[in-house]
Amino acid sequence: MQNYDVIIVGAGSMGMAAGYYLAKQGMRTLMIDAFDPPHTMGSHHGDTRIIRHAYGEGKQYVPLALRAQQLWSELEQACGIPIFAKTGVLNAGPLNCPFLNEIRVSAEQYSLPLEVLNADEVMQRWPGINLPTDYYGCLEPTSGVLYSENGIRAYRELALSSGATLLTNTPVTQLEPAGNGFIVHTESTSYHGDKVLLSAGAWNGSLLDSLGLSIPLTPTRKTVAWFGADENQYSADGFPAFIVRLHDSMFYGFPSFDGSGVKIGRHDGGHAIDPDKLERTFGTYLSDEGDVRSFLETYMPGAAGPLRQGKVCIYTMTPDEHFVIDRHPEHPQLVFAAGFSGHGFKFASAIGEATSQLLVEGSSSLDLSVFSWKRFSCPS
Ligand SMILES: Cc1cc2nc3c(=O)[nH]c(=O)nc-3n(C[C@H](O)[C@H](O)[C@H](O)COP(=O)(O)OP(=O)(O)OC[C@H]3O[C@@H](n4cnc5c(N)ncnc54)[C@H](O)[C@@H]3O)c2cc1C
């Protein structure tokens with residue numbers, strides 16, 4: 001049986017980045033993926049993802065976001081394909097919105113550039129937006145948009161040129177602890193790894209269950225759609241990526257890149273699913289188009305043109321929407337990165353680096369303790 005220093009199960013957003021940082025450190029690294037990343041079966045497709053630094057989900061994410069941004073820019077320089085577009089990100093919501101408040105606190109604590117604008121100022125600056133008068137906006141001018149599929153393509157190329165091996169279209173069927181290592185089984189072959197990184201996205205829950213670790217991970221069907229938009233108002237030359245928090249829902253979206261139209265998704269809600277039985281046709285539910293179209297008609301009417309295309313993707317939710325990055329309690333040679341809950345892609349570069357450090361050095365330069373699985377364990 002072939003032996004590797006580290007086997008990565010799932011070479012998508014997190015796994016492919018980790019593969020590069022492991023191979024770069026001279027680790028004999030095998031990456032195994034059920035598909036051929038980047039692909040449309042998991043959580044990373046649809047061209048783009050927002051990256052923000054001042055963080056509404058909690059200021060504890062800021063150091064991770066800043067490191068991630070630095071690594072994305074190193075990746076762009078190393079691979080020569082576009083990875084990041086500095087469009088700025090506009091966050092908007094009601095005056096008393098805790099999400100916006102946390103953004104302001106994060107920006108202040110870490111001295112991040114942030115422009116706070118009232119509703120009139122937002123609408124004057126971007127006439128394509130309608131905001132209620134009791135809303136306001138926070139523009140982060142230095143953040144923007146990542147080309148997610150390019151990011152995975154670039155990490156794949158660098159990992160392979162640094163000596164990693166990649167098996168595509170090869171689902172891992174079983175993880176078997178073996179002494180201080182693991183035997184990783186696929187349908188046709190088994191491999192021995194001294195260490196394992198489990199980064200299988202929506203499929204992490206079933207693989208962790210099989211190792212006796214039950215973590216509340218809920219794969220959830222999500223959709224995004226592109227709409228014809230007035231290029232004068234919504235082109236990426238002047239219009240930022242955006243997140244709008246309404247009283248009972250939250251929408252996010254992207255300006256039109258080279259005439260692509262405005263891409264938009266609803267962040268809250270969605271249907272819990274089994275990722276092997278996911279209904280992948282956009283439009284299966286009326287809400288696939290209906291939710292985002294009614295948002296656009298009210299708040300960005302010039303972007304509510306014809307539907308250009310729609311896609312179905314997966315969030316893997318945790319109950320508190322924070323990530324789970326840790327070691328298996330009984331098999332510490334296995335590190336897992338899971339539950340990225342609809343906001344993980346921006347961090348993939350930094351999480352790839354940090355998990356590689358956990359595996360090689362035993363600890364990471366960024367503090368990952370807030371992501372411990374133990375917050376979900378029942379007191380004994
Ligand atoms: C519509 C949508 C919009 C989003 N917007 C944003 C955003 O704006 N900003 C942001 O930061 N994040 C965003 N996210 C979240 C982000 O994309 C995800 O958190 C992130 O991609 C998760 O990465 P992952 O590595 O866990 O999963 P993936 O990238 O899906 O990787 C998991 C990999 O594991 C493989 N795999 C699974 N099972 C097996 C197996 N048995 N054997 C081998 N391989 C296996 C899969 O094929 C896949 O390649 C969004 C997500 C969606 C769906």
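Worth knowing before you read on, the calculation uses all heavy atoms, side chains too, and leaves out hydrogens, waters and symmetry mates. Start at 1 and go down the list; that is how both ligands and their atoms are numbered. Heads up: numbering here begins at 1 and tracks the sequence.
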>> Just to confirm my output: which protein heavy-atom neighbour is closest to atom 35 (C) of ligand 1, and how far is it?
In response: D33 OD2, 3.2 Å
> What atoms of ligand 1 come within less than 4.0 Å of a heavy atom belonging to I314?
Replying inline: 53 (C)
> Under 3.5 Å, side chain of K263 to main-chain N/O of T48, donor-acceptor pair present?
Replying inline: yes
>> Suppose we call two aromatic rings close when their centres sit under 6.0 Å apart. Are W72 and F345 close by that rule?
In response: yes
>> What protein heavy atom lies closest to atom 8 (O) of ligand 1? Include the residue and the distance to one decimal.
In response: I50 N, 2.8 Å
> Quick one: nearest non-hydrogen protein atom to atom 13 (C) of ligand 1, plus distance?
Replying inline: R49 CD, 3.3 Å
>> Does D276 have more than 12 heavy atoms from other residues, nucleotides or ligands lying within 6.0 Å of its CG?
In response: yes
>> Distance under 4.0 Å to a non-hydrogen atom of I32: what atoms of ligand 1 satisfy this?
In response: 43 (C), 44 (N)
> Checking ring-ring contact (aromatic ring centres under 6.0 Å, His included) against H343, which of Y61, Y315, F99, Y252 comes through?
Replying inline: Y61
>> Under 3.5 Å between any N/O of Y252 and any N/O of ligand 1: does that happen in this structure?
In response: no
>> List ligand 1 atoms under 4.0 Å from P171, heavy atoms only on the residue side.
In response: 42 (N)
> Does an N or O from T223, backbone or side chain, lie closer than 3.5 Å to an N or O of ligand 1?
Replying inline: no
>> Taking the six-membered ring for Trp, are H192 and Y4 closer than 6.0 Å centroid to centroid?
In response: no
> Under 6.0 Å between the ring centres of H185 and Y191?
Replying inline: no
>> Any side-chain to backbone donor/acceptor pair from N204 onto A200? Under 3.5 Å, distance only.
In response: yes
> Would you call the rings of Y135 and Y299 parallel, tilted or perpendicular, where under 30° means parallel and over 60° means perpendicular?
Replying inline: parallel
> Under 3.5 Å, is there a donor-acceptor pair between the side chain of R156 and the main chain of L166?
Replying inline: no
> Looking at atom 31 (O) of ligand 1, what's its closest protein heavy atom, distance included?
Replying inline: G12 CA, 3.3 Å
>> Using a 3.5 Å cut-off on N or O atoms only, is S13 in polar contact with ligand 1?
In response: yes
> If hydrogens are left out, which of G339, G201, S43 has an atom nearest to atom 30 (O) of ligand 1, that is, the closest non-hydrogen atom?
Replying inline: S43
>> Angle between ring planes, F239 versus F242, binned at 30° and 60°: parallel, tilted or perpendicular?
In response: perpendicular
>> On the six-membered ring of F282, is K311 placed so that its NZ or CZ lies under 6.0 angstrom from the centre and within 45° of the ring axis?
In response: no
>> Taking 4.0 angstrom as the limit and counting only heavy atoms of G342, give me the atoms of ligand 1 inside it, by number and element.
In response: 6 (C), 12 (N), 13 (C), 14 (N), 15 (C)
> For ligand 1, is there an atom lying under 4.0 Å from some heavy atom of F347?
Replying inline: no
> Do V6 and Y20 belong to the same hydrophobic cluster, where Ile, Leu, Val, Met, Phe, Trp and Tyr are linked whenever their side-chain heavy atoms lie under 4.5 Å apart, directly or via other members?
Replying inline: yes
> Out of A34, G265, A65, whose heavy atom sits nearest atom 45 (C) of ligand 1?
Replying inline: A34
> Would you say A11 and ligand 1 have an N/O pair spaced under 3.5 Å apart?
Replying inline: no
> Where's the contact between V224 and ligand 1, heavy-atom distance under 4.0 Å: side chain, backbone, both or neither?
Replying inline: side chain
> Heavy-atom count around E187 CD within 6.0 Å, excluding the residue itself: above 12?
Replying inline: no
> Of the backbone atoms (N, CA, C, O) and the side-chain heavy atoms from C-beta on, which set of S341 has a member under 4.0 Å from an atom of ligand 1: side chain, backbone, both, or neither?
Replying inline: neither
> Looking only at protein heavy atoms, which one is nearest to atom 28 (P) of ligand 1, and how far off is it?
Replying inline: H44 ND1, 3.7 Å
> Among protein heavy atoms, which sits nearest to atom 25 (O) of ligand 1, and what does the distance come to when rounded to 0.1 Å?
Replying inline: M14 N, 3.1 Å
> Does some non-hydrogen atom of K311 fall short of 4.0 Å from ligand 1?
Replying inline: no
>> Out of all atoms in ligand 1, which are within 4.0 Å of some heavy atom of K346? Include the element for each.
In response: 9 (N), 10 (C), 11 (O)
> Which of the atoms in ligand 1, numbered in the order shown and given with their element, are less than 4.0 Å from a heavy-atom of G42?
Replying inline: 30 (O)
> So, S249 side chain and L246 main chain: donor-acceptor pair closer than 3.5 Å or not?
Replying inline: no
> Does the N or O separation between V172 and ligand 1 drop below 3.5 Å for any pair?
Replying inline: yes
> Should F254 be counted as touching ligand 1, given the test is an N or O pair under 3.5 Å?
Replying inline: no
> Hey, is M41 one of the residues with a heavy atom under 4.0 angstrom from ligand 1?
Replying inline: no
>> I need the single residue from R221, R266, R293, K222 that forms a salt bridge (Lys or Arg N to Asp or Glu O under 4.0 Å) with D288. Which is it?
In response: R221
> With sequence neighbours left out, which residue pairs that include part of residues 118-132 fulfil the side-chain hydrogen bond (donor to acceptor under 3.5 Å, both in side chains) condition?
Replying inline: E115-R125
> Among protein heavy atoms, which sits nearest to atom 53 (C) of ligand 1, and what does the distance come to when rounded to 0.1 Å?
Replying inline: C313 SG, 2.6 Å
>> Please list, in number order, the atoms of ligand 1 under 4.0 Å from a heavy atom of S199.
In response: 32 (C), 33 (C), 34 (O)
> If only atom types and distance count, is the side chain of Y234 paired as donor or acceptor with the main-chain N or O of G302 below 3.5 Å?
Replying inline: yes
> Does ligand 1 have an atom under 4.0 Å from some heavy atom of G46?
Replying inline: no
> If you measure every N/O of K222 against every N/O of ligand 1, is any gap under 3.5 Å?
Replying inline: no
> Looking at atom 51 (C) of ligand 1, what's its closest protein heavy atom, distance included?
Replying inline: Y315 CE1, 3.5 Å
> Would you say F345 has any N or O atom under 3.5 Å from an N or O of ligand 1, going by distance alone?
Replying inline: yes
>> Side chain, backbone, both or neither: which applies to W203 and ligand 1 if a contact is any heavy-atom pair less than 4.0 Å apart?
In response: side chain
>> Is there a side-chain contact between Q333 and F182 in this structure, where contact means two heavy atoms from C-beta onward sitting under 4.5 Å apart?
In response: yes
